[in-house]
Amino acid sequence: MATRIIPADWIKNWEKSGKHEFVQLCKNLAYKTNHDSTIKDIQAALYELCWHVIQGNFKLDLSASVLCDMMDLRDDMPSILADVFSILDIETSSLEEKNKRDHYTQLVGACLFFVPDAILKERLDPETLESLGLIKQAHQFNQKIVKIKTKLFYKQQKFNLLREENEGYAKLITELGQDLSGNITSHIVLESIKSLIGCFNLDPNRVLDIILEVYECRSDQDEFFLPLIKSYMCEPLTLCHILGFKFKFNQEPNEETPTSLYHIAAALLHHNLIELEDIYVHLMPLDASIVEEHKREITEAKQIARKLTMVVVPSEKTEDKEREKEEEKNDKAPDNQKLGLLEALLRIGDWHHAQSIMDQMPAFYATSHKAVALALCQLLHLTVEPLYRRSGVPKGAKGCLLRPLRNKRAPRPAESFEDLRRDVFSMLCYLGPHLSHDPILFAKIVRLGKGFMKEVQQRDSEFEGSCFLSIADQVLLPSLSLMECNACMSEELWGLFKLFPYQHSLGLTIKSESHSIDRGKCIGCKMRLTKENVKPSGRQIGKLSHSNPTILFDYILSQIQWYDNLIGPVVDSLKYLTSLNYDVMAYCIIEALANPEKEKMKHDDTTISSWLQSLASLCGAVFRKYPIELAGLLQYVTNTLKAGKSFDLLILKEVVQKMAGIEITDEMTSEQMEAMTGGEQLKAEGGYFGQIRNTKKSSQRLKDALLDHDLALPLCLLMAQQRNGVVFLEGGEKHLKLVGKLYDQCHDTLVQFGGFLASNLSTEDYIKRVPSIDILCNQFHTPHDAAFFLSRPMYGHQILSKYDELKKAEKSNRQQQKVHKYVAACELVMSPVHEAVVSLHPPRVWDDLRPQFYATFWSLTMYDLAVPHNAYDREVKKLQVQVKAIEENPDVPMNKKKKEKERCTALQEKLQEEEKKQLEHVQRVLHRLKLEKDNWLLAKSTKNETITKFLQLCLFPRCIFSAIDAVYCARFVELVHQQKTPNFCTLLCYDRVFSDIIYTVASCTENESRRYGRFLCCMLETVTRWHSDRAVYEKECGNYPGFLTIFRATGFDGGNKADQLDYENFRHVVHKWHYKLTKASVHCLETGEYTHIRNILIVLTKILPCYPKVLNLGQALECRVHKICLEEKEKRPDLYALAMGYSGQLKGRKAHMVPENEFHHKEQPVRSATPVSQQNGPGTTTKPASKTEEGVSEDDKYQGAAKPVNKANSTAAKVTTSNGNGAPNSTKTIKERDDKEKSGKEKKEKKEKTPGNTLETKGESRREKQRDERGAGGKEERAPREGKEKTPKADRDKQKAEEKNSKEDNKAKAGNGEPKEPSRERDTGAKESKSKEKGGDRSAMSGSLKSPVPRLESAESERDHKRRKLETHSSPSHSSSVKVSMA
């Protein structure tokens, strides 16, 4: 009534327009179609008009007149007006103003002639009626109302219960209990009941009660009783009251409501004879009680779970048990009538009303009662039956046919997967984890899910299984946790999960955490697990894991992180797990690895935590032995790499090692290294520490996981990029030792993983996934060594495929034609590579190297260069010994003997066939290289620049990539030498490798040091072989361009021996290299830096078979290493261990060392008129020096040997000597030397511009000039030397006395590392600018080597010859140097 309908203007202007407006308003309201709103609006209009009268704003007669006119609008207008008077009666009776009450009474009195008295008596108060004169006294009127109500509602008729009524009820029961199988219908019986009621004057309500009682006894006769009740009753509320009375009667203590009563109530609800809201209020307990009970149960469950993790004192434990037993005796579950009705509704298929009841209760409260859950399961059985028969029944299974419900109002059975959305999914969601009560239905739902997913896959559409994904999440997995160790159901569910994308199945695994577990059983099981009781403990673990896998595996993993010796027994005990449990375990492992609370570094920040190493070992063992889905773990590693973290690469490394049998270690023996250069079979048999067997299936699983989820190439690229990220991004605040380990781990895993892909992926798969070399380097920013490592197998596959195509196209058995076809195949495949590599480096690089040479170096492997015949023979002999041992063993059964012999024989045949295949391949490759070698190196480049680029871009990056690559680099250098490659100076290459290793060693990680040491060892092996025998040297080096000391513009004259380095001078050079290695080693050992000391000790250990060979150098090393042992024993134990290990091995090699004069020919110097002081060993000494080399130490001169030197200084090659100390030179002599070199360079450039000069004529003119200077100008040449080297006559006796002790002093100085090598110039751009050719002859030949032995002229005097010999063959204790210059 708050809305104002009549404006105040209407009342003021009533006579003019107000009355007309009011009447029109009432007419409009009366003609509205909506009945309810019309009455309310009319009542509001009349109320406002009457209120104006009561307020005194409107005249009484005017209002009575218009109200009288309103009576004609509707038939019920008097009743509407009476309702308004009733409201106003209540409002005015409470007002204090008496005049308003009087106005109200006058208004009602004026309306009495058109409002009936009876209506007013019904609605107005007795006091108001008395004041209007409608009744005499209000008090008497109230008494009369009470009497009438009592008579109507409480007074009963008195029947004759002794005769008529008993007979009537008896006949009624007889009628209802008769046989209904004939033509008896509810209509016939209803007529009989009516007759009985009329004849015996029976109470209709009691008749209805008896009908319900009989129906309850005959609850199977729904088709008869339901129509009877529907025809009999008139008020649904009456029926509800009678049913409510029956339910109330059974709510007494120790009473149980019969199921038949639930059934008839459910049937009446289902047929809409009663309303759920009406009957629900009669049922017990109340909803509030149900909520409280549910909360109490959850609280008790949490307390029980908390007690499982607490240690309880025995006395308290017994008290708790006794208390629980008493509570179980005293507490009897009350009869929940709402759940009983719910069960009955589900039994008859009334899902609509059942759903309404469950909505009134807490989630899963109803289905937590087994009877309700089973009833809902039965309804689900009937609903999914047709679809299950069509799409879910496995082949060969028959199953049990179910009878459908006769109820037409029950949910329609599902005929298609789309029908499941109608009712089945909602039923399953209400059922929740309590599907565990019906394993058969569980299996049906899972099989329907599999059928649905297969249909989706056949349509090749995107993932549409979100519905079944939700069901698996909310229903299937929780139900499995509540089942009693049903492994079959677990396997069924895993069959469904396999069809989901692994991201979704892994997400489901996250939700599979169980609600409760007897943690005590789990702990006890793990505490008893040992190697001896793996089988029984494994069975116990299997039982626990079926229902509660997550908590169990979390506990197992936590124990393994502390005790790594449990890994073996745990892995063996997991064989009783189901496939789903394996998947859950994979998730638990990932969760443990990603635990943010765990530090992956130890507290010293130098090593990886032991818990991570333990988990990595477990991953490798578990994933290899059991068929666990790998995608999740591989994706986790990929994601961590994307995030710039490399710790978890340890996981991938272990998984690949265990599953594929590919082992990465730098501690291989020489026999293993030799085996690794062969084919795959030889690698498997002899290349690893442990014999790898039975990896075929596991490696196939790993390969499938990588290919199916496209993780192969991303992992490779991320690892290749992360190598530098470890140093520059990850290693900012980390300890240098840890950074090195992480770098090595990243690199080793890359090598291991790339090797796995190369050996397991098919040619098509590999080529399809790996992009070209320029894309790898330029787009993906992959380092060049890693890019070629990934591309190398692709090139080999492509060449072999193209070779096979060419062979098939033109069949020919001639070996020569096959080789030509192979060369053609190489050209076809490698030509695009040659073009692609040009973009990898600046254009100036290709001025020194050809792209063909660069690509050839990076694309070949040791398998292409040599056949390890010894390794093949060794493995074949091992197999033969095995066969013989098997035959001689009487304990082995015959069938096993036969199998083993067949296996060994088959392996022998495979190895022999592989050896033959590799031999043919190597021959083809060598022939190809022989044809290509002439185009490898450019003649216009200087030898120094060529070697520099070769070392920088090829040799050094690859020799530290892997152990086999280290061997390859050494063998490739030897091969290039053996092929007599034009413009390649072998001597200079070896010289650059051995001369200064300080910077290379200092920049290596621990594993790289091992590889670099192996590379140096292989290089030293070659040098040692040439050094050991003159015949070998002459055969392999004597007539090779790599050992030329002078290069002529007209080409190499093979017969000119004077241009070659002779054997004795080569021995001097080798001694110089050994000295340089000693000097660099001592320098690194004296720095005190951890990395320098560790790396040089590793390198020295690796090259021990070939170095040191000279006794005094070995003693110097031994002295310095002994000092390291003393210094580092307490400070850095790992360095102490390395030093002690090397010291012991060095002492063992002492017997193989030789004195210096046996290592190279050591002549005693011939004394001239001007005595020259010489010392033996690494002490200080003076030496003869030429004009251009005045005051320059041997190290400075050798440093020049690694750079292009101007032609003014390029006379004959000189072997200079030094004691390793470098005699102190004055600044003045150094400046003089520089000025002379500069003037000599200018003169040389002027001479080069004269076109008539050749290299030979220049060489002759230089020799003549030198001869003249030594003969005629001997005094001028000797003057500076005499000033520095001449020993005063008075001191000669003293010098002779001290000569005896010089050797020991020199050794001590060498041991203390006094000589220090100047830093090597690394700016290749500056070198190039200095070595640019300006003349026509200069462009043809880039550089020359000075011969360590000057060319002898017959005209020279014997004295001059001896002086030159003295200059070139200085003290044998001095290291020799090869000077490199432009001829």
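Values below: all heavy atoms of this structure, side chains included; hydrogens, waters and symmetry mates excluded. Because the structure is a prediction, the values reported are computed rather than measured.
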**Request:** Starting at CD1 of Ile964, measure out to SG of Cys969 and round the result to the nearest 0.5 Å.
**Result:** 11.0 Å

**Complete:** So the ring-ring contact (aromatic ring centres under 6.0 Å, His included) pairs with at least one residue in residues 770-805 (sequence neighbours excluded) are His784-His841, Phe788-Tyr854, Phe788-Trp858, Phe789-Phe961, Tyr803-Tyr822

**Item:** Test item: Gln745 side-chain N/O and Ser646 main-chain N/O as donor-acceptor pair under 3.5 Å
**Value:** yes

**Straight-line distance of Asp864 CG to Ser859 OG, nearest 0.5 Å** = 7.5 Å

**Message:** Main chain of Met659, side chain of Ser698: is a donor-acceptor contact present, judged purely on distance under 3.5 Å?
**Reply:** yes

**Distance in Å, Phe1043 CZ paired with Cys1037 SG, rounded so as to fall on 0.5 Å steps** = 4.0 Å

**Item:** Where at least one partner belongs to residues 751-763, residue pairs that pass side chain to side chain donor-acceptor pair (under 3.5 Å), sequence neighbours excluded
**Value:** Ser762-Asp765

**Item:** Residues forming a salt bridge (charged side-chain N to carboxylate O under 4.0 Å, His left out) with Asp785, sequence neighbours excluded
**Value:** Arg723

**Prompt:** Just checking, any donor-acceptor pair under 3.5 angstrom between side chains of Ser801 and Asp804?
**Reply:** no

**Message:** Is the shortest side-chain heavy-atom distance between Leu860 and Leu929 below 4.5 Å?
**Reply:** yes

**Asked** Does any non-hydrogen side-chain atom of Leu711 lie less than 4.5 Å from one of Val637?
**Response** no

**Prompt:** Between the main-chain N or O of Thr677 and the side-chain N or O of Gln918, is there a donor-acceptor pair closer than 3.5 Å?
**Reply:** yes

**Asked** Considering only heavy atoms from C-beta outward, does the side chain of Leu776 approach that of Leu717 to under 4.5 Å?
**Response** yes

**Asked** Can you check whether Tyr636's main-chain N or O pairs, donor with acceptor, with Asn639's side chain at less than 3.5 Å?
**Response** no

**Asked** With sequence neighbours left out, what residues match Asn935 under side chain to side chain contact (heavy atoms under 4.5 Å, CB included)?
**Response** Arg850, Gln852

**Request:** Kindly say whether Ser1009 contributes a backbone atom to a donor-acceptor pair with the side chain of Asn1095 at under 3.5 angstrom?
**Result:** no

**Asked** Do Val967 and Glu674 have side-chain heavy atoms sitting under 4.5 Å apart?
**Response** no

**Request:** Just jot down the salt bridge (charged side-chain N to carboxylate O under 4.0 Å, His left out) partners of Lys703, sequence neighbours excluded, or say none.
**Result:** none

**Item:** Side-chain touch Leu931/His927, heavy atoms, less than 4.5 angstrom
**Value:** yes

**Asked** Can any side-chain N or O of Tyr968 pair as donor or acceptor with the backbone N or O of Phe857 at less than 3.5 Å?
**Response** yes

**Fill in**
Leu919 meets the side chain to side chain contact (heavy atoms under 4.5 Å, CB included) criterion, sequence neighbours left out, with Val867, His869, Gln923

**Item:** For Ala712, side chain to side chain contact (heavy atoms under 4.5 Å, CB included) partners two or more places apart
**Value:** Leu706, Leu757

**Asked** Does the pair Asp748/Arg1011 count as a salt bridge with the N-to-O cut at 4.0 Å?
**Response** yes

**Prompt:** Of all residues at least two apart in sequence or in a different chain, which pass the salt bridge (charged side-chain N to carboxylate O under 4.0 Å, His left out) check with Glu827?
**Reply:** none

**Message:** Could you check whether any side-chain N or O of His977 sits under 3.5 Å from a backbone N or O of Glu1036, counting only pairs where one atom can act as donor and the other as acceptor?
**Reply:** yes

**Lys/Arg N to Asp/Glu carboxylate O, Lys949 vs Glu945, below 4.0 Å** = yes

**Fill in**
Sequence neighbours excluded, the answer for side chain to side chain contact (heavy atoms under 4.5 Å, CB included) partners of Val976 is Phe853, Trp936, Phe972, Thr981, Phe984

**Prompt:** With sequence neighbours left out, what residues match Glu913 under salt bridge (charged side-chain N to carboxylate O under 4.0 Å, His left out)?
**Reply:** none

**Message:** Looking at Lys917 and Glu914, is there a salt bridge between them, counting it only when a charged N and a carboxylate O are closer than 4.0 Å?
**Reply:** no

**Check: Met830 and Arg928 side chains under 4.5 Å, non-hydrogen atoms** = yes

**Prompt:** How close do His834 and Ala855 get, heavy atom to heavy atom, and via which atoms?
**Reply:** CD2-CB, 3.4 Å

**Prompt:** Would you find a donor on one side and an acceptor on the other, under 3.5 Å apart, between the side chain of Gln979 and the backbone of Lys933?
**Reply:** no

**Message:** Does anything in residues 752-777 form a ring-ring contact (aromatic ring centres under 6.0 Å, His included)? List the pairs, not counting sequence neighbours.
**Reply:** none

**Request:** May I have all residue pairs that pass salt bridge (Lys or Arg N to Asp or Glu O under 4.0 Å) and include part of residues 956-980, sequence neighbours excluded?
**Result:** Arg958-Asp965, Arg971-Glu974, Arg971-Glu1021, Glu974-Arg1025

**Request:** Look up atom CE in Met862 and atom CE in Met673, then write down how far apart they are to the nearest 0.5 Å.
**Result:** 8.0 Å

**Asked** Without hydrogens or angle criteria, can the side chains of Ser839 and Asn778 be said to hold a donor-acceptor pair below 3.5 Å?
**Response** yes

**Fill in**
Correct closest heavy-atom pair for Tyr990 and Val973 would be CE1-CG1, 4.0 Å

**Message:** Would you say Ser772 and Asp774 are linked by a side-chain donor-acceptor pair, where the criterion is simply a distance under 3.5 Å?
**Reply:** yes

**Asked** How long is the gap from SG on Cys716 to CG on Leu750, to the nearest 0.5 Å?
**Response** 6.5 Å

**Request:** For residues Ile773 and Ala836, report the shortest heavy-atom separation together with the two atoms involved.
**Result:** CG2-CB, 3.7 Å

**Request:** Apply the test side chain to side chain donor-acceptor pair (under 3.5 Å) to residues Asp848 and Thr948: give CA-CA distance (whole Å), side-chain angles for both, the deciding distance (0.1 Å), then the verdict.
**Result:** CA-CA 9 Å; Asp848 302 312; Thr948 298; over 6 Å; no

**Message:** If you define the side chain from C-beta out and look only at heavy atoms, does anything of Leu652 sit under 4.5 Å from Leu634?
**Reply:** yes

**Prompt:** With side chains defined as the heavy atoms from C-beta onward, is the minimum distance between Thr1005 and Ile960 less than 4.5 Å?
**Reply:** no

